[in-house]
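Notes for the one structure printed next.
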Amino acid sequence: MSIADDNDNIFKALSSRTRRQLLDLLKDRPQTTGMLCLAFPDLDRCTVMQHLKVLEEADLIIAKREGRERWNHLNALPIKHIHDRWIGPYAAHAVGILDRLQADLG
């Protein structure tokens, strides 16, 4: 799979509010799939599992089995790579434009 395909999978995964909420829940500590399901009472377990699968395919979470439990761990590296490739350079460009505008107005 190419880097472009990897980026597409990451953007696809991040496009869903539910998946972003799942990542937020994993930001502070790993959680079992059962714990994550409890955080989404309006969704059935199968739907939560489908969202987790998309996140896992995008390498945004790493799932580890411990006995009967599946522990989900956040993998923030793909988000950092997206930031380094897309957000950082565009933000730096925007700040440069604002700096020039402020200098022209001042």
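Start at 1 with the first residue, then count along the sequence.
Under a 4.5 Å side-chain heavy-atom criterion applied to ILVMFWY residues, the cluster that includes Ile97 comprises that residue alone.
Rounding to the nearest 0.5 Å gives a distance of 10.5 Å between CD1 of Ile79 and CG of Asp59.
Of the residues Leu60, Asn9, Leu55, the one that meets the side chain to side chain contact (heavy atoms under 4.5 Å, CB included) test with Pro78 is Leu60.
Under the 4.5 Å side-chain heavy-atom criterion for ILVMFWY residues, a single connected hydrophobic cluster contains both Leu74 and Ile10. Connection of Phe11 to Leu22 is established within a shared hydrophobic cluster, with ILVMFWY side chains joined at heavy-atom distances below 4.5 Å, either directly or through further cluster members.
Annotation: side-chain hydrogen bond (donor to acceptor under 3.5 Å, both in side chains) contacts involving residues 35-47, sequence neighbours excluded, comprise Asp44-Thr47.
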Taking only distance into account, with no hydrogens and no angle test, what donor-acceptor pairs under 3.5 Å do side-chain atoms of residues 25-38 form with protein atoms, sequence neighbours excluded?
unit_1: Gln31; atom_1: NE2; unit_2: Leu25; atom_2: O; d: 2.8
unit_1: Thr32; atom_1: OG1; unit_2: Met35; atom_2: N; d: 3.0
unit_1: Thr33; atom_1: OG1; unit_2: Asn72; atom_2: ND2; d: 3.1

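Scored by the salt bridge (Lys or Arg N to Asp or Glu O under 4.0 Å) test, Asp84 finds Lys80 as partners (sequence neighbours excluded). With sequence neighbours left out, the side chain to side chain donor-acceptor pair (under 3.5 Å) criterion links Asp8 to no other residue. Taking Leu105 as the reference, Leu101 meet the side-chain contact (heavy atoms from CB on, under 4.5 Å) condition, with sequence neighbours excluded. By the side chain to side chain donor-acceptor pair (under 3.5 Å) test, Asp24 is found to be paired with no residue, residues two or more places apart in sequence or in another chain being considered. Shown here are the side chain to side chain donor-acceptor pair (under 3.5 Å) partners of Gln50, two or more places apart in sequence or in another chain: there are none. Not counting sequence neighbours, Ser16 has no partner by the side chain to side chain donor-acceptor pair (under 3.5 Å) test. Listed by chain and residue number, Glu57 satisfy the salt bridge (Lys or Arg N to Asp or Glu O under 4.0 Å) test with Lys53 (two or more places apart in sequence, or in another chain). Scored by the salt bridge (Lys or Arg N to Asp or Glu O under 4.0 Å) test, Arg70 finds Glu56 as partners (sequence neighbours excluded).
Between Phe40 and His51, the closest side-chain pair of non-hydrogen atoms is not below 4.5 Å. Looking at heavy atoms from C-beta onward, Ile61 lies in side-chain contact with Leu23 at the 4.5 angstrom threshold.
No side-chain donor-acceptor contact under 3.5 Å links Arg19 to the backbone of Leu14.
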